[in-house]
Amino acid sequence: AFGRHEAPVMRVPRGLDEGEAALLFQGVLSNKRSQPMIVDWFVVLFKGEEARGTESLTDFAERTGLTGALPNPGREIPGAWLQGLREPAVELAKEHMATLRAERRRAVRKPLAISERKVKAWRKSALDRVSEIEGRQIKTLGERRARKAADRRRQEIEDRFQRRQKWIVEGLSTSDVPYLRLAAVFVTTDAS
């Protein structure tokens, strides 16, 4: 029951000291067709107002006891100091997602090159077949009609080639700007 641009503040039983906080983010990088390519849950860690880095949600949950039962003592969590952490946390979250994007770019470089080579080989083979057929059809249809049919087929091949290349690039490339959602904030149970 949280409104837009709101996130819960929760206490964890261990792993954070007084004055430390962890802001949980969901980061998403989509391809050019708006399909999510990278989805990462991570926390941005703070000691006071100083950002200390990021940690995977899995590691953070294990370290802080978030994977177990969390009692609700019903005490208010003073959160005024947490408001100032949002902006630096978002900047660090953007850096984290940029790192993931760069890692993915390196990982897809080879498959992308292989796909592009396959499409280029298909194009060459298809154009060679058109030329062979054109040579045979000149004898039966006449030069003008055979060339017109071959030119139409070559254009279809070029159009398909361009669409396929665009599809490959749009499918494997991610946008520069991640979608970031602040999902929760964690503090120690000792916070008062």
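Bear in mind the structure is a predicted one, so any value in this text is a computation, not a measurement.
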With rounding to the nearest 0.5 Å, note down the distance linking [atom1] in [X] to [atom2] in [Y].
{"X": "S175", "Y": "L29", "atom1": "OG", "atom2": "CG", "value": "5.5 Å"}
{"X": "I157", "Y": "K124", "atom1": "CD1", "atom2": "NZ", "value": "12.0 Å"}
{"X": "L180", "Y": "M97", "atom1": "CG", "atom2": "CE", "value": "6.5 Å"}
{"X": "Q165", "Y": "E170", "atom1": "CD", "atom2": "CD", "value": "12.0 Å"}
{"X": "R144", "Y": "R147", "atom1": "CZ", "atom2": "CZ", "value": "13.0 Å"}

[X]: which residues meet the side-chain contact (heavy atoms from CB on, under 4.5 Å) condition with it, sequence neighbours left out?
{"X": "R145", "result": "L141"}
{"X": "V177", "result": "none"}
{"X": "T67", "result": "A61, E62"}

>> Test: ring pair (Phe, Tyr, Trp, His ring centres under 6.0 Å). Region: residues 58-83. Which pairs qualify, not counting sequence neighbours?
In response: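 Residue pairs with at least one partner in residues 58-83: F60-F186.
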>> Show me the pairs that pass ring pair (Phe, Tyr, Trp, His ring centres under 6.0 Å) and involve residues 94-116, at least two apart or across chains.
In response: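 Applying ring pair (Phe, Tyr, Trp, His ring centres under 6.0 Å) to every pair that reaches into residues 94-116, excluding sequence neighbours, yields F42-H96.
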Could you check whether [X] pairs with [Y] (Lys NZ or Arg NE/NH1/NH2 to Asp/Glu carboxylate O, under 4.0 Å)?
{"X": "E156", "Y": "R153", "answer": "yes"}
{"X": "R123", "Y": "E158", "answer": "yes"}
{"X": "R63", "Y": "D59", "answer": "no"}
{"X": "R52", "Y": "E50", "answer": "yes"}

Keeping [X] on the side-chain end and [Y] on the backbone end, is there a donor-acceptor pair under 3.5 Å?
{"X": "R33", "Y": "W167", "value": "yes"}
{"X": "S34", "Y": "S30", "value": "no"}
{"X": "T188", "Y": "L16", "value": "yes"}
{"X": "S125", "Y": "A121", "value": "no"}

> What residues form a side-chain hydrogen bond (donor to acceptor under 3.5 Å, both in side chains) with R101, not counting sequence neighbours?
Replying inline: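 Checked R101 against side-chain hydrogen bond (donor to acceptor under 3.5 Å, both in side chains); matches are T174, D176.
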Within a reach of under 6.0 Å around [atom1] of [X], are more than 12 heavy atoms found that belong to other residues, nucleotides or ligands?
{"X": "Q35", "atom1": "CD", "result": "yes"}
{"X": "R154", "atom1": "CZ", "result": "yes"}
{"X": "E116", "atom1": "CD", "result": "yes"}
{"X": "K47", "atom1": "NZ", "result": "yes"}

>> Would a single hydrophobic cluster contain both L100 and V108, if residues Ile, Leu, Val, Met, Phe, Trp and Tyr are joined by side-chain heavy-atom contacts under 4.5 Å?
In response: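 No, no single cluster joins them.
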>> Count I, L, V, M, F, W, Y as connected when their side-chain heavy atoms are under 4.5 Å apart, and connections chain through other members. Are V12 and W41 then in the same cluster?
In response: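 Shared cluster, yes.
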>> F25 and side chain to side chain contact (heavy atoms under 4.5 Å, CB included): which single residue from V43, D40, L92, V90 fits?
In response: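 Of the listed residues V43, D40, L92, V90, the side chain to side chain contact (heavy atoms under 4.5 Å, CB included) partner of F25 is V90.
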Locate the shortest heavy-atom distance separating [X] from [Y]; write the atom from each residue and the value.
{"X": "V9", "Y": "L82", "answer": "CG1-CD1, 3.8 Å"}
{"X": "L45", "Y": "A22", "answer": "CD2-CB, 3.7 Å"}
{"X": "L24", "Y": "L182", "answer": "O-CD1, 3.3 Å"}
{"X": "G15", "Y": "T64", "answer": "CA-CG2, 4.1 Å"}
{"X": "G171", "Y": "M37", "answer": "O-CE, 3.3 Å"}
{"X": "L85", "Y": "A21", "answer": "CD1-CB, 3.9 Å"}

Just wondering, do [Y] and [X] contact through their side chains at under 4.5 Å, heavy atoms?
{"X": "K166", "Y": "V169", "answer": "no"}
{"X": "W122", "Y": "R164", "answer": "no"}
{"X": "K94", "Y": "E91", "answer": "yes"}
{"X": "L112", "Y": "I168", "answer": "yes"}
{"X": "Y179", "Y": "P36", "answer": "no"}

> Does the pair D151 and Q155 meet the rule for a side-chain hydrogen bond (donor to acceptor under 3.5 Å, both in side chains), with working shown?
Replying inline: CA-CA 6 Å; D151 287 345; Q155 187 58 52; over 6 Å; no
>> K120 vs R117, test: side-chain contact (heavy atoms from CB on, under 4.5 Å). Steps then yes/no.
In response: CA-CA 5 Å; K120 287 177 182 176; R117 275 196 304 272; 5.7 Å; no
